[in-house]
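Below is one structure, written out as structure tokens, with a few remarks after it.
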Number of protein chains: 2
Amino acid sequence: MSNVINESGILAISTRLQRLADSLRKDGQQIYKAHGIDFEPKWFPVIYTLYSKDTMSVMEIAAEIGYTHPSTISLLKELEKQKLIRSRKDKQDERKRLLTLSEKGQELVQQMLPVWKRMEKALTALTNTSNNLMAAIAEVEAQMEVKGFFERERGIR
Amino acid sequence: MSNVINESGILAISTRLQRLADSLRKDGQQIYKAHGIDFEPKWFPVIYTLYSKDTMSVMEIAAEIGYTHPSTISLLKELEKQKLIRSRKDKQDERKRLLTLSEKGQELVQQMLPVWKRMEKALTALTNTSNNLMAAIAEVEAQMEVKGFFERERGIR
DNA sequence: TAAAACTACGTAGTTAACTACATAAATACA
DNA sequence: TGTATTTATGTAGTTAACTACGTAGTTTTA
């Protein structure tokens, strides 16, 4: 599979990253299902953020999970439909909408905590090879902060 | 940025991979534009494959680049619209459609070759940290072949 | 203190992949 | 040899992110 793409090497890195992300997300979906939990992997960043921080506005959540606010809003809509979160207007600033986990959301998190532990173990086993994937991602993210791909290419003599 | 997601660690790995893939693809777009080249990063796998193998059918290309055939077909459509590739029916097997680079496509590849070299250098500089990202991806892909995320989670005691 | 600028949120439409299903040609087999 | 199966391609609709743009509060400033 993918002989030419492997040969073309690093130029196809974005394709490879995408593919890996996809298959991990799909397996995640299957795992929740296998545990009888009605939860989508894409909801994790929002739910985990609200579990950690209790109450946040739309923009704060978006910044925290690193998504744009429209993407965040559509996730929040789904989560409200699932009754996993609740929202109310901020009395101090009427522009803001404050989000919290609902009772159902908190119960679901409690139910998921042991599954998250198992997933962590499985992912650690999967990715703890001689070049550690999580570490590599963090390192590349740091390199990008210093100087992005675009700037680097421009600087090649 | 993304404090809670970094804390939640490996569970958000698919989100992190996705985000990295996205920003590299976007920078890629900018780089082509900066060189006055009318080319989308997503076209790279197909174009590079046809450049290497000369003539291939739809299914062969899909298998080669690791995409589903509908995704491949829609890429091929765009590329035909751009007149970068040409297609003809296979005389031996009337079901098959054979694709090749057009003259314009071959010229564009020649124009892109030096840019690809520069991109390779920039990407190598960006990703060659102590945990090498390309190596890490290859290692994790190999681990997934042995045993996927789903099977591993199921096996946790 | 009214106008300008900014911030928070929302909607519409796009993108780039996917799955599910349909059709036509080629091949296998009863 | 005609029917069933497989293979190659195509279409329709979905998904999960995005950008662009609009509106309504809040804050700054002339």
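A quick note: this is a predicted structure, and the numbers were derived from the prediction, not measured. The basis for the numbers below is simple: all heavy atoms, side chains too, and nothing from hydrogens, waters or symmetry mates. In what follows, chains are A, B, ... by sequence order, proteins preceding strands, each numbered from 1.
Checked by distance alone, A:Arg95 brings a side-chain donor or acceptor within 3.5 Å of a matching partner on the base of C:dT7.
Remark: the A:Gln143 side chain and the B:Thr129 side chain contain no N/O donor-acceptor pair separated by less than 3.5 Å. For the residue pair B:Gln30/B:His35, the side-chain donor-acceptor check at 3.5 Å is not satisfied.
Phosphate proximity of C:dT11 to A:Lys77: present, with a side-chain N or O under 4.0 Å from OP1 or OP2. Taking 4.0 angstrom as the limit, A:Thr68 places a side-chain polar atom (N or O) nearer than this to OP1 or OP2 of D:dC18. Put simply, B:Ser71 has a side-chain N or O that comes within less than 4.0 Å of OP1 or OP2 on C:dC18. For A:Tyr67 and D:dA17, the shortest distance from a side-chain N or O to OP1 or OP2 is below 4.0 Å.
If you measure from atom CD of B:Gln29 to atom C1' of C:dA16, you get 11 Å, rounded to the nearest angstrom. The interatomic distance linking B:Met59 (CE) with D:dG10 (C1') rounds to 11 Å, in whole Å. Separating the CD atom of B:Glu94 from the C1' atom of D:dA8 is a distance of 12 Å, rounded to the nearest angstrom. Rounded to whole angstrom, the span from the CZ atom of B:Phe44 across to the P atom of C:dA16 amounts to 17 Å. Between the CG atom of A:Leu99 and the P atom of C:dC9 there is a distance of 9 Å, rounded to whole Å. Atoms CZ (B:Arg25) and C1' (C:dT15) sit 8 Å apart, rounded to a whole Å. In this structure, B:Gln18 places its CD atom 12 Å from P of C:dC18, rounding to the nearest Å.
In the set C:dC9, D:dA16, C:dT19, C:dC9 carries the atom at the smallest distance from any side-chain atom of A:Val58. Among the nucleotides D:dA20, C:dC18, D:dG10, the one closest to the side chain of A:Lys26 is C:dC18.
Using a distance-only test at 3.5 Å, with no hydrogens or angles considered, a donor-acceptor pair links the side chain of A:Thr49 to the main chain of A:Pro45.
If you find the closest nucleotide of DNA chain C to A:Asp93 and to A:Asp22, the one lying nearer the 5' end belongs to A:Asp93.
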I'd like a table of donor-acceptor pairs (distance under 3.5 Å, sequence neighbours excluded) in which one partner is a side-chain atom from residues 79-86 of chain B, with atom names and distances.
from    : atom 1 : to      : atom 2 : distance (Å)
B:Glu80 : OE1    : B:Arg97 : NH1    : 3.0
B:Glu80 : OE2    : B:Ser87 : OG     : 3.4

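Of the residues B:Phe44, B:Tyr48, B:Tyr51, B:Tyr32, the one that meets the side-chain contact (heavy atoms from CB on, under 4.5 Å) test with B:Met112 is B:Tyr32.
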